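Everything on this sheet refers to the single structure shown next.
Below, read A as the first sequence line, B as the second, and so on, with proteins coming before strands; counting in each chain starts at 1. Only a predicted model underlies this, so the values are computations on that prediction, with no experimental measurement involved.
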Amino acid sequence: MTTPILIAKDLRKTFGDLEAVKGISFSVLRGEIFSLLGPNGAGKTTTINMLSCLLPPTAGTAEIAGHAIPGDTLGVRRAIGVVPQEIALYDALSARQNLEFWGRLYDMRGQALTQRIDEVLEQVGLADRAKDKVKTFSGGMKRRINIAAGLLHKPQLLFMDEPTVGIDPQSRRRILDMVKELRDGGMTVLYTTHYMEEAEELSDRVGIIDQGRLIALGTQAELTRVVGEQETLRLYLAEEAGAAAAQATVAAGDGAALPADGGLTLFNGLPGVLRASAIDHQIVVNVADAGEALPAVVGRANALGLHVRSVDIEEPNLEAVFLQLTGRGLRD
Amino acid sequence: MNKILTIMWKDVRVLFQDWAAVALIIAGPLVLALGLGLVTGAFSNSDAPTIGRIPVVLVDEDGGQLAAALVDVLTSDDLSDLLAVETLSDADAARARVAAGDASAAVLIPTGFSDSFTPDMATGEMPASVTVTVVGDPGAPVGAAVVRSIVEEFAARADTAVAGVRVGLTQLAGSGAVSPVELPAVGQSMAAAVFADSAAASAASVIRVETRNVTATGESFNILAYFAPAMALLFLMYAVTLGARTLLSERREGTLARMLAAPVSSAQVLGGKVGGIFLGGFIQLAALILLTTLLWQLNWGNPLSVLLLVVAAALAATGWGLLIASLAANAGQITSLGMALTLLFGILSGSFVPLNDAWPVLDWLSRITPNRWAMDGFVALAAGEGGAAVLVPVAALLVMAAVLFAAAALFFRRRQGALLTA
Ligand SMILES: Nc1ncnc2c1ncn2[C@@H]1O[C@H](COP(=O)(O)OP(=O)(O)OP(=O)(O)O)[C@@H](O)[C@H]1O
Ligand SMILES: [Mg+2]
């Protein structure tokens with residue numbers, strides 16, 4: 001349980017002028033679910049691509065199940081399974097035909113392959129749709145076949161790159177449960193997501209990645225200790241929060257103080273408020289003590305003309321950690 | 001190798017699961033060939049596309065006993081359901097009828113045919129053999145082949161019978177039982193008696209049946225034998241375009257990356273993809289040849305030579321597909337470029353209207369098309385020429401394939417790193 005199956009050392013990737021990954025080091029232990037949590041463009045997929053030998057690192061090395069990157073490409077590929085972020089299947093072929101193809105590429109054949117396909121189809125709950133063409137599937141079903149294709153050869157280490165993006169809640173629930181089952185069955189999973197809730201539910205350990213850097217790493221308990229006893233106020237607005245807050249800030253006359261990094265200044269100076277940011281229709285405020293800060297924050301919001309629908313008080317969580325470390329919300 | 005085959009097979013599956021594509025590349029050529037044939041108005045032939053009684057013209061310039069026996073066989077009740085025999089007196093007129101497509105075959109029995117079976121009385125030598133000629137219409141190969149086999153069977157029986165008669169005559173003359181003057185008459189009657197029975201067939205034939213085809217000169221040729229390969233080749237170009245498209249679409253869809261993340265080398269992936277394009281084209285051509293053979297009784301000629309030509313043509317077309325893919329920025333461009341090239345090659349190679357005689361420039365330009373070389377080969381084979389006729393077309397197609405593969409490799413390399421990105 002404590003031996004690493006993956007060790008990444010100072011991985012870097014540059015695309016032209018853009019440094020997408022700026023030196024990332026971490027290890028994944030056998031049998032754990034390790035999440036890379038980060039917003040869009042953080043460098044999650046680029047990191048996974050380097051680790052699956054699809055992109056050569058600009059610098060740095062890694063080792064997977066004893067196989068070196070760069071170097072032992074074939075050894076690495078045999079040890080890993082990949083569930084790509086974009087659904088990579090043949091629409092014109094049936095679910096079974098797709099799985100047959102991907103299985104054969106992993107040297108599986110005949111009866112063993114047929115049996116294994118039945119198994120994974122059962123596992124993703126699509127045994128009854130095996131003969132249907134993938135193009136007739138819903139987004140969630142395609143996602144599940146996309147996962148099944150990565151599981152066929154029972155990899156020691158499974159990369160899952162945002163496997164729940166853009167699907168319905170039931171399919172997502174099913175996938176999350178499946179990931180836990182896989183871990184319980186002995187598989188190691190490297191999971192990337194930009195949903196804090198997924199990382200919190202699944203992970204044994206989490207790496208928080210932002211702008212090509214790993215800015216925090218540890219168990220959830222370790223990470224939330226970063227924010228100390230802080231709590232989070234989540235204000236749900238009727239309007240889009242970022243635009244509304246900017247407008248309110250300008251209207252309040254201190255527009256010059258609008259910070260470039262997306263943090264909000266409009267609650268500055270209120271008792272107990274540490275920082276705030278806008279995500280979708282929400283404003284997230286880090287506070288030292290929710291009970292103390294709540295009336296003042298809501299009062300200020302109303303005074304500025306924001307339409308607050310409801311407020312949640314949250315214990316320290318990964319969102320707060322991200323906010324604390326970057327001054328921004330996860331999904332902005 | 002297994003992985004390459006796996007990828008090839010997957011590509012063929014993807015191509016042929018797409019019913020719209022199948023309709024286009026298989027049914028399209030059939031319909032167009034029929035349509036162009038009708039428009040050209042050259043459906044002179046009676047045994048295509050349905051087989052009825054085979055029209056045969058018969059010319060007996062011999063008038064001897066053996067000739068009469070052959071005429072009897074051809075006009076017998078047993079064969080009357082199969083053959084519609086018309087007797088003419090002039091061999092040239094008969095040839096003209098075949099050339100015009102009014103008859104599938106002409107059977108020409110020359111003067112001296114019967115006599116060539118009677119040994120010279122003074123020397124006992126057999127006279128020089130006189131051949132029965134069967135002239136077949138290459139556009140109606142099945143009909144011609146039926147007539148040919150009937151005449152060959154007759155020849156085989158005559159051979160056996162004549163051998164028997166000869167032995168008998170020699171014995172009669174040697175024993176003095178019959179005077180030399182009477183020998184011819186006795187021989188004739190013996191032969192007649194023998195032909196009344198049915199003798200067993202033997203291998204070598206005294207009567208050589210010479211089969212000749214009317215050479216393919218425009219109107220005498222079943223027009224389908226031209227348009228079927230022309231349209232098949234036209235759509236072969238389109239089929240490889242569909243295949244080449246997947247080179248870029250698989251990159252866009254991420255399936256290429258997924259293949260490369262499996263324990264498969266990039267050479268294997270590339271080999272599988274190229275092989276897939278080739279195999280798709282090969283199956284399309286082969287299916288069309290099979291279908292036209294079954295549906296229209298088209299005779300494509302010697303199967304081995306046809307196979308060789310199909311392989312070479314599919315390779316050359318694959319080369320063009322790869323070149324397009326190496327130059328195009330996206331899958332959509334491949335489709336447009338491929339469509340343009342398909343039509344351009346069709347026009348250049350005279351697939352719709354044979355322009356090449358009128359425009360030497362076109363004839364010269366058509367040499368860059370796989371269509372033209374393959375057509376040269378297919379037309380020669382359908383006209384009954386032997387395997388040697390495809391040597392030049394096959395060589396030209398293979399050279400074309402090699403040049404195009406190399407050029408495509410060069411262009412692909414130039415945009416490298418591009419395998420995954422973009
Ligand atoms: N092939 C490429 N060429 C140029 N830039 C790239 C390439 N791939 C990724 N990038 C850039 O690298 C950065 C990191 O991208 P990456 O896809 O790794 O992010 P991500 O964390 O997976 O984001 P998302 O959550 O949106 O999937 C982005 O700015 C992206 O635009
Ligand atoms: Mg990504």
[X] versus chain A, the contacting section by heavy-atom distance below 4.5 Å:
{"X": "B:Leu15", "value": "neither"}
{"X": "B:Gln268", "value": "neither"}
{"X": "B:Gln17", "value": "both"}

message = Minimum heavy-atom separation for B:Ala257 and A:Leu54, please, with both atom names.
response =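 Heavy atoms only, the tightest pair is O-CD2, 3.4 Å.
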
task = Compare every heavy atom of B:Ala261 with every heavy atom of A:Val82, then report the nearest pair and how far apart it is.
result =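 Shortest heavy-atom contact: CG2-CB, 4.0 Å.
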
Around atom [atom1] of [X], are there more than 12 heavy atoms of other residues, nucleotides or ligands at under 6.0 Å?
{"X": "A:Lys22", "atom1": "NZ", "result": "yes"}
{"X": "A:Lys154", "atom1": "NZ", "result": "no"}
{"X": "B:Leu304", "atom1": "CG", "result": "no"}

From [X] atom [atom1] to [Y] atom [atom2], the distance as rounded to the nearest 0.5 Å:
{"X": "B:Asp18", "Y": "A:Leu93", "atom1": "CG", "atom2": "CG", "answer": "11.0 Å"}
{"X": "B:Arg258", "Y": "A:Ser52", "atom1": "CZ", "atom2": "OG", "answer": "11.0 Å"}
{"X": "A:Tyr106", "Y": "B:Thr6", "atom1": "OH", "atom2": "OG1", "answer": "13.5 Å"}

request  = Sort by residue number and list every member of residues 306-321 of chain B having a non-hydrogen atom under 4.5 Å from chain A.
outcome  =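 None at all.
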
request  = Verify side-chain hydrogen bond (donor to acceptor under 3.5 Å, both in side chains) between B:Glu253 and A:Tyr90, making sure each step is shown before the conclusion.
outcome  = CA-CA 9 Å; B:Glu253 306 284 329; A:Tyr90 298 100; over 6 Å; no

Chain B heavy atoms under 4.5 Å from [X]: which part of the residue, side chain, backbone, both or neither?
{"X": "A:Gln85", "answer": "neither"}
{"X": "A:Asp91", "answer": "neither"}
{"X": "A:Leu89", "answer": "both"}

Worked check of side chain to side chain contact (heavy atoms under 4.5 Å, CB included) between B:Asn2 and A:Asp107 = CA-CA 9 Å; B:Asn2 257 328; A:Asp107 300 297; over 6 Å; no

key: Donor-acceptor contact present, side-chain A:Arg77 to main-chain B:Leu260, <3.5 Å   =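 Yes, because the side chain of A:Arg77 sits within donor-acceptor range (under 3.5 Å) of the backbone of B:Leu260.
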
ask   = Side chains of A:Trp102 and B:Lys10: closer than 4.5 Å at any heavy-atom pair?
value =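 The answer is no; the side chains never approach within 4.5 Å.
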
